[in-house]
Colleague: 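Got a structure for you, written out below as structure tokens; questions coming shortly.
In what follows, chains carry the letters A, B, and so on, assigned in the order in which the sequence lines appear, proteins first and then strands, with residues in each chain numbered from 1. Note that the structure is a prediction, hence the values are computed from the model and not measured.
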Protein chains: 2
Amino acid sequence: MSWSKHERGGAEGAGGPRGYHHGNLKEALLRAALELIAQKGPAGFTFAEAARWAGVSPAAPYRHFRDRDELLANVALRGFERFEVVLKRAWDDGRPDALAALDRLGKAYMEFARTEPAYYSAMFEAGIPLSTSAELREAGERAFAVLRGAAEKLCAQMPAAKRPPALMVALHIWSLSHGVASLFGRGDAARRTLPMSAEELLEAGVLVYLRGLGLSAAGDRPPG
Amino acid sequence: MSWSKHERGGAEGAGGPRGYHHGNLKEALLRAALELIAQKGPAGFTFAEAARWAGVSPAAPYRHFRDRDELLANVALRGFERFEVVLKRAWDDGRPDALAALDRLGKAYMEFARTEPAYYSAMFEAGIPLSTSAELREAGERAFAVLRGAAEKLCAQMPAAKRPPALMVALHIWSLSHGVASLFGRGDAARRTLPMSAEELLEAGVLVYLRGLGLSAAGDRPPG
DNA sequence: CGGCTAATGTAAAAGCCATTAACATGAGCT
DNA sequence: AGCTCATGTTAATGGCTTTTACATTAGCCG
């Protein structure tokens, strides 16, 4: 194992590099970007400041990312990967039943948006075209696939005659989740004062929606 | 009427100013910003280029806007005002009945997002804190008030016992609309290939949701 | 009409950022 | 030990933002 090189930068925080070579600059830049995006939004983040944060010259990042956008795209990529993990864990293959699991899924969605606003905005609000890289698109697809799988399990337990297309259900739930997260999910600036938390709002909305689909177990009274 | 001054800049397109003074620079800058945001997104838009587009020096805009963000906020403000008009017209006080009017409202929402992407992104995706100015916040409230009024009319025609809070309904519909618009509503880059248009997706989602609320007239079969 | 003043523009400069090109260092392999 | 390539640095270019000092002129007042 090559200790002398790889131990550095990996767990060193903002300590800074020792020698001429940083040792783990790519990773350090990704982390710096994440931190800066969290502080000032995807627009406020600058390549040069990430370099500074990592303790290298402004030109160094170009050895690892073609340009600023590619770094942003890499943050988004990593975000989608983490998002998929989080959603998968919450869904847990629909155990113990699809409705309980879907409820966890919604909470996990909102929690991700709330606790990882930098990832979330890089993924959805930074204006990165998904066509940037196949990897990015596929990571996005995999995250969405979790939602889609959940929709399929839900639809499967409905009588075939009144069964809606699972893809449509997945898109509806995703849209509602993203809308709530995007409009009300983050702590500070753009928030409107709500009579309920974003999590509750989403949960209530999904319940109403599912009832509309005919899932009788889903909240038989209107929430309020 | 002061022809000699005000005719200029107002309808002159990119013709450029004639004398030392532009005559209607503020308006020209707002329009330039709108055009540039439409082309390159709120992040790609630059103050200097708007000035160039209006035919003035890079410092001139500072006579009308404190900084770049204030210009952006003014675009968003104007966007909310237009949005309110569009939504109000579509809602038309709920004529001939609330469901038909709500359907028009959803279509108008999506059409605004689609045909005025620059306004839409300035309003919702540019990261402008609503606290920027009271005017901005109030304009946003007025636009939302249309949705809220629609939700109230819908709820009013439900039996009081199973009547959900109108505010919650408005927030749900808004979130779903914004989610659909934001994820699938704009033409080119970030779009995913869908089995249906964004308008259809939203309409179907709202119908399911309303059915979940117990509005029996709302789509008695699951859409597909 | 003639002149004052405030509004509106311009020019120039400082400071930051992105990006590139030429050069430097040293890690890892042979 | 020496080679070579990955990884950094320095320096330079060009653009953007914002400020300061100065220029022009529109509108008003006598």
Colleague: Above 12 or not: heavy atoms from other molecules or residues under 6.0 Å from CD of B:Glu135?
Modeller: no
Colleague: B:Arg52 has an atom CZ; how far is it from atom P of D:dT17, in whole Å?
Modeller: 9 Å
Colleague: Under 4.0 Å between any heavy atoms, over every strand shown, what does B:Arg66 touch: base, sugar-phosphate, or nothing? Just pick one.
Modeller: nothing
Colleague: Closer than 4.0 Å, any side-chain N/O of A:His64 to the OP1 or OP2 of D:dA6?
Modeller: no
Colleague: Once you round it to whole Å, what is the distance between P of D:dT19 and CZ of B:Phe47?
Modeller: 10 Å
Colleague: Whole-Å distance between D:dG8 P and A:Asn24 CG?
Modeller: 9 Å
Colleague: Among D:dT9, C:dC17, D:dT17, find the nucleotide with the atom closest to the side chain of B:Tyr62.
Modeller: D:dT17
Colleague: Could you tell me whether A:Glu141 and A:Arg137 have a side-chain N and a carboxylate O separated by less than 4.0 Å?
Modeller: yes
Colleague: Just to be sure I understand the rule, does A:Ser57 reach a base, reach only the sugar-phosphate, or reach nothing, if contact means heavy atoms closer than 4.0 Å?
Modeller: base
Colleague: Heavy atoms only, 4.0 Å cut-off, all strands: where does A:Ala48 land among base, sugar-phosphate and nothing?
Modeller: sugar-phosphate
Colleague: Would you mind reading off the distance between B:Lys40 atom NZ and D:dG15 atom P, rounded to a whole angstrom?
Modeller: 13 Å
Colleague: Take the angle between the ring planes of A:Phe45 and A:Phe47 and call it parallel below 30°, perpendicular above 60°, tilted in between.
Modeller: perpendicular
Colleague: Which atoms form the tightest heavy-atom contact between B:Met110 and B:Ser177, and what is the distance?
Modeller: SD-O, 4.4 Å
Colleague: Enumerate all atom pairs, one protein N or O and one N or O from nucleotides 20-23 of chain D, separated by less than 3.5 Å.
Modeller:
from, atom 1, to, atom 2, distance (Å)
D:dA23, N3, B:Tyr20, OH, 3.0

Colleague: Within the structure provided, determine whether A:Tyr120 and A:Tyr109 are in side-chain contact (heavy-atom separation under 4.5 Å).
Modeller: yes
Colleague: Whole Å only: how far is the CG atom of B:Leu36 from the P atom of D:dC16?
Modeller: 11 Å
Colleague: To the nearest Å, how far apart are B:Glu27 CD and C:dT8 C1'?
Modeller: 17 Å
Colleague: Round to the nearest Å and state the distance from B:Phe65 atom CZ to C:dT8 atom P.
Modeller: 12 Å
Colleague: Kindly list each side-chain donor-acceptor pair under 3.5 angstrom involving residues 73-84 of chain A, sequence neighbours excluded, with atom names and distances?
Modeller:
from, atom 1, to, atom 2, distance (Å)
A:Asn74, ND2, A:Glu70, O, 2.8
A:Arg78, NH1, A:Glu27, OE1, 3.4
A:Arg78, NH1, A:Glu27, OE2, 2.9
A:Arg78, NH2, A:Glu27, OE1, 3.2
A:Glu84, OE2, A:Lys88, NZ, 2.9

Colleague: Taking atom C1' of C:dT19 as reference, at what distance in whole Å does atom CG of A:Leu71 sit?
Modeller: 15 Å
Colleague: Closer to the 5' end of DNA chain C via nearest nucleotide, is it A:Glu49 or B:Leu25?
Modeller: B:Leu25
Colleague: Working to the nearest 0.5 Å, report the span between CG of B:Leu176 and NE2 of A:His172.
Modeller: 6.5 Å
